[in-house]
Amino acid sequence: MPELPEVETVRRGLEPHLVGARLARVEARRPDLRFALPENFVARLTGARVEALDRRAKYLLASLDTGETLVVHLGMTGRFIVETAVTERPGAFHHRAGADDKHTHVVLETDRGARLSFNDARRFGYMALIPTAELAANPWFAGLGPEPLGPQFDAGVLAAAFKGRSQNVKATLLDQRVVAGLGNIYVCEALYRSHLSPERAAGSLKPAELKRLVEAIRIVLEEAIEAGGSTLRDYRNADGDLGYFQHSFRVYGREGEACVDPKCRGVVRRFPQGGRSTFYCDRCQR
DNA sequence: GCTGTAACCTGTCGGC
DNA sequence: TGCCGACAGGTTACAG
């Protein structure tokens, strides 16, 4: 499910409930997600105050006053469901669908009356507790490429990362060491908007094409965040609402349809690339 | 070192 | 209606 825009939407939804709040009750309903939960997970979190909630690539980072950071990756189907306390009934929460089903694996209750349920059907998501001072050196973060919406991401950076690579540009953009946070959907959309074929060797892109690509990546991500992300099957934001960017897809999921550009007579095709579906227009992407 | 593939786990959808 | 196979937003280990 979640690529950068969806994770950022979740972060924005959780921020008002978490930042400044203390975790009054923590419940782990199983010992593992994709990986085993950290040792003494519940004890290390209970009573901790959340000082900040940030995002790096597709990771959510909750800095705690204990000197540790709770790292959360949503995997493919991970989501947080926020329920608020019923004022007149202490300990009760306004129920929200999915908050308490068999796929709810971790529950966090804050001293501000919010209950956050981490629900992940496929359990590709994971959580870790890492000393905040060691975060940058952690293998999950040390090798990450620049944030695509940050000031460090430009055509020059992409040129350096692409240099000499014979791998196709689609797979290269999915490599989090090249640029952090892109996934299958937004890579397809960005390549379409920059009129680049997903099959081009990354190292073959010319400076003007790289510039177009950087611009397209930025615009697609910004528009998606503005729309609250994309909801295909499972994704919902922290308030349980759907994202709307899927209505703006120009190629993703549109196999067999005419190219959205009225001047182009192409058709959207789909083919497997690196085990994932790539969608592209067979005429205007070269 | 680079590249492609399989695997992780579960749910959904389409075809028969 | 029920069964089966294909496919799904991510990441990583491994083989070539």
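Hydrogens, waters and symmetry mates play no part in the numbers below; they use all other heavy atoms, side chains included. Each chain gets a letter, A, B and so on, in the order the sequences are listed, and its residues count up from 1.
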Residue pairs fulfilling ring pair (Phe, Tyr, Trp, His ring centres under 6.0 Å) with at least one residue in residues 63-94 of chain A, sequence neighbours excluded: A:Tyr59-A:His73, A:His73-A:Tyr126, A:Phe80-A:Phe118
Run the side-chain hydrogen bond (donor to acceptor under 3.5 Å, both in side chains) check on A:Gln285 and A:Ser197 step by step: do they pass? CA-CA 5 Å; A:Gln285 287 182 254; A:Ser197 163; over 6 Å; no
Hydrophobic cluster (4.5 angstrom, side-chain heavy atoms) - remaining members for A:Ile81: none
Find the distance A:Leu60:CG to C:dG10:C1' and express it as a whole number of Å. 14 Å
Can you measure A:Arg55 atom CZ to C:dG10 atom C1' for me and round it to whole angstrom units? 15 Å
Distance in angstrom units between A:Met76 CE and B:dT12 P, rounded: 15 Å
How about A:Ser63 and A:Thr132: does a side-chain donor come under 3.5 Å of a side-chain acceptor? no
Polar side-chain atom of A:His105 near backbone of A:Asp120 as donor-acceptor pair, under 3.5 Å: yes
Within the pair A:Gln176 and C:dT11, is there a side-chain N or O less than 4.0 Å away from OP1 or OP2? yes
Any A:Arg276 side-chain nitrogen or oxygen under 4.0 Å from OP1 or OP2 of B:dA6: no
Does A:Lys58 make a side-chain N or O approach to OP1 or OP2 of C:dT11 shorter than 4.0 Å? yes
Quick one: side chain to side chain donor-acceptor pair (under 3.5 Å) partners of A:Tyr186, sequence neighbours excluded? A:Glu6, A:Ser230
Could you list the cluster mates of A:Val86? Members are the ILVMFWY residues connected by side-chain heavy atoms closer than 4.5 Å, either directly or through other members. none
Examine C:dG10: is either OP1 or OP2 under 4.0 Å from a nitrogen or oxygen in the side chain of A:His73? Give yes or no. no
Nucleotide N/O of nucleotides 7-9 of chain B paired with protein N/O under 3.5 Å:
from, atom 1, to, atom 2, distance (Å)
B:dC9, O4', A:Arg122, O, 3.4
B:dC9, O3', A:Arg123, NH2, 3.2
B:dC9, O2, A:Arg122, NE, 3.3

All side chain to side chain donor-acceptor pair (under 3.5 Å) counterparts of A:Glu215, not counting sequence neighbours: none
Any side-chain N or O of A:Trp140 below 4.0 angstrom from OP1/OP2 of C:dT11? no
Under the salt bridge (Lys or Arg N to Asp or Glu O under 4.0 Å) definition, can you give me all pairs with a residue in residues 126-149 of chain A, not counting sequence neighbours? A:Arg55-A:Glu147, A:Arg56-A:Glu147
Between B:dA6 and C:dA6, how far is it from one C1' atom to the other, in whole Å? 16 Å
Nearest-Å distance for atom pair CG/P, residues A:Leu221 and C:dG9: 16 Å
Just the table, please: protein N/O against nucleotides 1-4 of chain B N/O, every pair under 3.5 Å.
from, atom 1, to, atom 2, distance (Å)
B:dT3, OP1, A:Ser166, N, 3.2
B:dT3, OP1, A:Ser166, OG, 3.2
B:dT3, OP1, A:Gln167, N, 2.7

Atom CG of A:Leu174 to atom C1' of C:dT12: distance rounded to whole Å? 14 Å
Any side-chain N or O of A:Thr77 less than 4.0 Å from the OP1 or OP2 oxygen of B:dG11? no
Just how far, in rounded Å, is P of C:dG10 from CG of A:Leu33? 18 Å
Heavy atoms only, 4.0 Å cut-off, all strands: where does A:Phe35 land among base, sugar-phosphate and nothing? nothing
Inter-nucleotide C1' distance (C:dG9, B:dT3), Å rounded: 23 Å
Dot-bracket, 5' to 3', for DNA chain B please: Watson-Crick or G-U pairs under 3.5 Å, [ ] where pairs cross earlier ones, | where the partner sits on another strand, dots elsewhere. .|||||||.|||||||
Please list, one pair per line, the donor and acceptor atoms closer than 3.5 Å that link side chains of residues 35-50 of chain A to other protein atoms, with sequence neighbours excluded.
from, atom 1, to, atom 2, distance (Å)
A:Arg44, NE, A:Glu68, OE1, 3.4
A:Arg44, NH1, A:Glu39, O, 2.8
A:Arg44, NH2, A:Glu68, OE2, 2.7
A:Thr46, OG1, A:Val42, O, 2.6
A:Arg49, NH1, A:Gly20, O, 3.1

Roughly how many Å is it from OH in A:Tyr59 to C1' in C:dT12, rounded to a whole number? 10 Å
With a cut-off of 3.5 Å and sequence neighbours excluded, list every side-chain donor-acceptor pair involving residues 266-277 of chain A.
from, atom 1, to, atom 2, distance (Å)
A:Arg269, NE, A:Asp282, OD2, 2.9
A:Arg269, NH2, A:Asp282, OD2, 3.2
A:Arg270, NE, A:Glu255, OE1, 3.1
A:Arg270, NH1, A:Ser277, OG, 2.7
A:Gln273, OE1, A:Thr278, OG1, 2.7
A:Gln273, NE2, A:Asn168, OD1, 3.4
A:Gln273, NE2, A:Pro198, O, 3.0

For A:Asn184 and C:dA8, what is the distance between atoms CG and P respectively, to the nearest whole Å? 8 Å
Residues in side chain to side chain donor-acceptor pair (under 3.5 Å) with A:Arg193, at least two apart? A:Glu223
